[in-house]
Each structure stands twice: as C-alpha cells, then as structure tokens.
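The structure under discussion appears below in the form of structure tokens.
Just so you know, residue 1 is the first one in the sequence shown, and it goes up from there.
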Amino acid sequence: MKRVSKIIFCTSYLGLPITITIIERFKKSVLIITGSPEIYKFLTRFYPKSQIILFKKTKKILYKNPIRILKNLYINYLLKSRIKILLNKYKNCEVYTFITAFSPQTAYALRILSSQNTIYWKKLISFKFLYKKKFPSFKIFLVMLYMRAMYKLNFVSYEGTDKLPILIYSNKFYKSIFIKKTNIKPDIKLLKNFQKKNFEIKKKNILLLSSAEAVELNIIDKPLYKIWINKWVNSLNSKQIALKRKFYGEKKYFSENSLTELPLDWPANLLMYDFRLVVGYHSATLFEAANAGCKVISLLDLLSNKKNSHHISYHKKYITRNLDKNKKILFPKTFEQFNLMISSVKNLNMN
C-alpha cells in the first residue's frame, strides 16, 4: 500500500457514502477504520483488507463480580495500547470523522492522531433537539469517570423520549483534538457508478423500506398497514417494487412477502440511486435519499397509530430536520394523496 494521506473513521452506515467517495477519489492512499464488524465485512468485499482496520469492542466494566471488572479493565487497557501503537506512525494525514455520540475507541484514536495530523469533522445528522440534558445517574456517572480516566474523554449526559441515557461528546473534547469542520459531501455521480458496478438490481422503480420496526414499535397502525400494503402490492405495482430489510430475522408483513427482496448486506443508502421513488416510515435513509435528489414518501401520517402521536411527531422532526435546503419528504394523509404523489412516476398508481 502507498503512503497513507487520508484516514477515515466509518462508525455507522450513515458514513458509508462519504467514506466510499473518499476511497474512490484517492484509491490506495486511504486507510479506513471502523468498529463495526458489518461495515468491515462490507468494505472488504470491494477494497483490500490491508486498507481497513477493525477495532475490537471494549468490554463493559459495570459488573458486581470484581474479578470480571478487573479482567475487562485489563482487556480494555490492551486494546487502548494497541490503538496507540497502531496509529502513532501516521503523520501529516487528513483524518475524517463523523462521530457525535459514544464511541470511546474511535475518540481515543482521534486523540492519538490529532498530535501529528489534521482532524476534519462532518456532522451527518442533527439529533440533539430530540434529547434534553439530564443529570447522570450514579451508574452513568461512573462510566463518565472511567472514560475520562482511561481515554481522557469528556461527555455530556442526555436523555431521549424513551428515557434511555445517551452520552454525547462535549465541546471540550472537540477542542482538545483541534477539530476542523468540513463541508465534504457524498459524490452522487461517483456513488451511482459504484452502485451500478457492484449491485445488480433488476429494473425496479420503487425501493420500499421494511415496515418491521414501525409496526413492532406501534409507530404505524398494523391493521391500517395491512389494508394499504395489500391494496398497493396486489396491483400491477408489485413488479416495480423492491423490498429492503435491515437485517436477517426482521419480520415481513402481509404482501411484503410477495415482493422481490434485495440482499440484506446491501446498504439502502447505496442502493437508492437506482430507484425513482423511495417509500418508508422514519428511517434515516429517507432524508439521505431526499438529499441525494430522490423522490421520497414517508407513510408516518398515512398509517400512523393515533395512540402514539407523540412518537410520530418525534420521528417526523428527526427526518425533516436532517433535510438539506430545498429538499423535501412527502407525507400523504390519505390513500388518494399517496396515489397522486406517485402518479408522476409512470405506471405506479394504485388500482
């Protein structure tokens, strides 16, 4: 491998479009680092393993068994030492990261690299408005103390509508690694070429995202969804629809079972370029597709479970506030409105 000039931390699927953009532009001078085995497996299908590093997960330390705590502390210390040895050799590189919330090894790696390289940060999503600052519980306070002692990381404790805590990096952390904001964006033309080269999709017009999470969390009304999906898929449209689930074991409901399904390990945010319409509920893929210029419909209003109206509002804020300027997601409220919205795409009307 040639001398590394670009280092990318890809910690989630949201970061894949920019990661692939940088790799394709600079080829063998790029090093990719991830903590996700799934992302590692995906990237090694297209790029040499010598260019990709997988960080092993840190061990939990909050156990009643003191022996287990000491064992995990030691394992984490070894992982930390390995990162330092591994990354100390890189100098004068441009380092790209998208981190916002809890990812201690990535954050520590950035601290190591920041002394001899330039760190660029891109905010992929806005979500702080969905949370409120929360004084940490004793358990979370211990985690924060440990992170500060072990990795010199500073967090702020937040809480979402589900009452679960989330640790978000503080401004102090970003200042400590001399971070610079970057406006780098996914190269749509390049990604379209990558998609056509690597993902063979039989001609379809509509990408339908899985309903499983929306149904099981009661975000949408299951009986109403049954009426809608059976009416739509049983029309001539079924031949033009491709279904995309996130992972194996995710349940398919009703007429979803009759649809052509795309492989589970193909990320939706890399497939969307081959479709004229993306239909879903509350997935980040919706605003990613809209920002990339696709026509996008969310069924949150059409199929909403009225008992969970506060959740509908929460998810609508999440996907709409992450839209770029002049981009939009359509929210039909009736079957007729939905039909009208898709009428501009040839032969997509419901019967």
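Within a 6.0 Å sphere centred on NZ of Lys192, other residues, nucleotides and ligands contribute 12 heavy atoms or fewer.
Atom CG of Leu190 and atom CD of Glu24 lie 5.5 Å apart (nearest 0.5 Å). Separation of atoms OG (Ser304) and CG (Asn218) is listed at 12.0 Å; rounding is to 0.5 Å. Interatomic distance, Leu113 CG to Asn88 CG, rounded to the nearest 0.5 Å: 8.5 Å.
A donor-acceptor pair is defined here as one N or O able to donate and one able to accept, closer than 3.5 Å; such a pair exists between the side chain of Asn72 and the backbone of Lys60. Under a 3.5 Å cut-off, the side chain of Gln51 and the backbone N or O of Ile32 do not form any donor-acceptor pair. Side chain of Ser157 to main chain of Lys134: a donor-acceptor pair is present (N/O by atom type, distance under 3.5 Å, no hydrogens or angles). The main-chain N or O of Lys333 is found under 3.5 Å from a side-chain atom of Gln337 such that the two form a donor-acceptor pair. Proximity of a side-chain donor or acceptor of Thr44 to a complementary backbone N or O of Lys49 within less than 3.5 Å is not detected. Checked by atom type and distance alone, the side chain of Asp324 never pairs as donor or acceptor with a backbone atom of Lys327 at under 3.5 Å. Judged by distance alone, the side chain of Lys295 and the main-chain N or O of Met341 form a donor-acceptor pair under 3.5 Å. With hydrogens and angles ignored, the 3.5 Å screen pairs a side-chain donor or acceptor of Thr21 with a backbone N or O of Asp187. Side-chain atoms of Asn291 do not come within 3.5 Å of backbone N or O of Leu323 as any donor-acceptor pair. Checked by atom type and distance alone, the side chain of Arg111 pairs as donor or acceptor with a backbone atom of Lys152 at under 3.5 Å.
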Quiz item: Would Phe135 and Phe141 count as a ring pair (Phe, Tyr, Trp, His ring centres under 6.0 Å) if you check the C-alpha gap in whole Å, the side-chain angles of each, and the deciding distance to 0.1 Å?
Solution: CA-CA 9 Å; Phe135 192 79; Phe141 180 69; 7.6 Å; no

Practice problem: Take Thr58 and Gln105, measure what side chain to side chain donor-acceptor pair (under 3.5 Å) needs, and give me the verdict at the end. | Solution: CA-CA 8 Å; Thr58 56; Gln105 287 195 103; 5.2 Å; no

Exercise. Could you check Leu303 against Asp221 for side-chain contact (heavy atoms from CB on, under 4.5 Å), going step by step and ending with a plain yes or no?
Key: CA-CA 6 Å; Leu303 305 176; Asp221 183 82; 5.7 Å; no

Self-check item: Phe155/Ile168 under side-chain contact (heavy atoms from CB on, under 4.5 Å): CA gap, chis, key distance, verdict
Solution: CA-CA 5 Å; Phe155 295 94; Ile168 297 176; 6.0 Å; no

Practice problem: Walk me through it: do Tyr281 and Ile219 pass the test side-chain contact (heavy atoms from CB on, under 4.5 Å)? | Solution: CA-CA 9 Å; Tyr281 312 90; Ile219 295 170; 5.9 Å; no

Quiz item: Checking side-chain contact (heavy atoms from CB on, under 4.5 Å) for the pair Tyr253/Lys222: CA distance, chi angles, key distance, verdict?
Solution: CA-CA 9 Å; Tyr253 286 92; Lys222 188 176 178 181; 3.6 Å; yes

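For the pair Leu286 and Val279, the minimum side-chain heavy-atom distance is 4.5 Å or more. At least one side-chain heavy atom of Leu167 sits less than 4.5 Å from a side-chain heavy atom of Met144. At a threshold of 4.5 Å between non-hydrogen side-chain atoms, the residues Leu31 and Tyr90 count as touching. Contact annotation: the side chain of Leu209 approaches that of Leu207 to within less than 4.5 Å [non-hydrogen atoms, C-beta and beyond]. In this structure, Phe98 and Lys123 have side chains that are not in contact, with every pair of non-hydrogen atoms separated by 4.5 Å or more. Under the 4.5 Å side-chain criterion, counting only non-hydrogen atoms from C-beta, Lys244 is in contact with Leu271. For the pair Trp121/Thr182, no side-chain contact is recorded, criterion being any heavy-atom separation below 4.5 Å from C-beta on. Annotation: side chain of Tyr120 is not in contact with side chain of Ile184 (no heavy-atom distance under 4.5 Å).
Minimum interatomic distance between Leu110 and Thr97 (heavy atoms only, all atoms of both residues): CD1-OG1, 3.7 Å. Among all heavy-atom pairs drawn from Asp301 and Pro332, the shortest one is CB-O, 3.6 Å. The two residues Ile7 and Ile33 make their nearest non-hydrogen contact at CG2-CD1, 3.9 Å. When all heavy atoms of Asn269 and Pro17 are compared, the pair lying nearest together is ND2-CD, 3.5 Å. Residue Leu79 comes nearest to Lys57 through the heavy atom pair CD1-O, 3.5 Å, listed as atom of the first residue, atom of the second, then distance. The two atoms that bring Ser210 and Lys251 nearest to each other are OG-O, 4.4 Å, heavy atoms only.
Remark: of the listed residues Val296, Ile297, Asn322, Val296 is the sole one forming a side chain to side chain contact (heavy atoms under 4.5 Å, CB included) with Ile329.
The cluster map of Ile, Leu, Val, Met, Phe, Trp and Tyr, joined by side-chain heavy atoms under 4.5 Å apart, puts Leu264 and Ile201 in different clusters. Leu145 and Tyr77 are assigned to two separate hydrophobic clusters, defined by single-linkage of ILVMFWY side chains at heavy-atom distances under 4.5 Å. Tracing side-chain contacts under 4.5 Å through hydrophobic residues (I, L, V, M, F, W, Y), one reaches Leu16 starting from Ile188; they form part of the same cluster. The cluster map of Ile, Leu, Val, Met, Phe, Trp and Tyr, joined by side-chain heavy atoms under 4.5 Å apart, puts Ile112 and Phe178 in different clusters. Under a hydrophobic-cluster definition in which Ile, Leu, Val, Met, Phe, Trp and Tyr are linked whenever side-chain heavy atoms come within less than 4.5 Å, directly or via other members, Tyr108 and Leu86 are assigned to the same cluster.
Remark: Lys231 qualifies as a cation-pi partner of Phe335 under the 6.0 Å distance and 45° angle criteria applied to the six-membered ring. For the pair Lys6 and Phe26, the cation-pi criterion (under 6.0 Å, within 45° of the ring axis) is fulfilled. Annotation: cation-pi geometry satisfied between Lys316 and Phe331 (NZ/CZ under 6.0 angstrom from ring centroid, within 45° of ring axis).
Between the side chains of Asn230 and Ser255, at least one donor N or O sits under 3.5 Å from an acceptor N or O. Remark: the Ser5 side chain and the Glu94 side chain contain no N/O donor-acceptor pair separated by less than 3.5 Å. Checking Tyr13 against Glu288 by side-chain atom types alone, no donor-acceptor pair falls below 3.5 Å. A donor-acceptor pair shorter than 3.5 Å can be found between the side chains of Tyr146 and Asn76. Glu38 and Tyr40 share no donor-acceptor pair across their side chains, judged by distance under 3.5 Å alone.
Ring pair Phe254/Tyr225 is tilted by interplanar angle, where 30° to 60° counts as tilted. Relative orientation of the Tyr169 and Tyr174 rings is perpendicular, given thresholds of 30° and 60° on the angle between their planes. Between Trp232 and Trp228, the angle of the ring planes lies from 30° to 60°, which puts this pair in the tilted group.
Taking the six-membered ring for Trp and the full ring otherwise, Phe287 and Tyr318 have centroids separated by under 6.0 Å.
A salt bridge is defined here as a Lys NZ or Arg NE, NH1 or NH2 lying under 4.0 Å from an Asp or Glu carboxylate O, and Asp265 with Arg45 meets this definition. Taking 4.0 Å as the cut-off between side-chain N and carboxylate O, Lys252 and Glu261 count as a salt-bridged pair.
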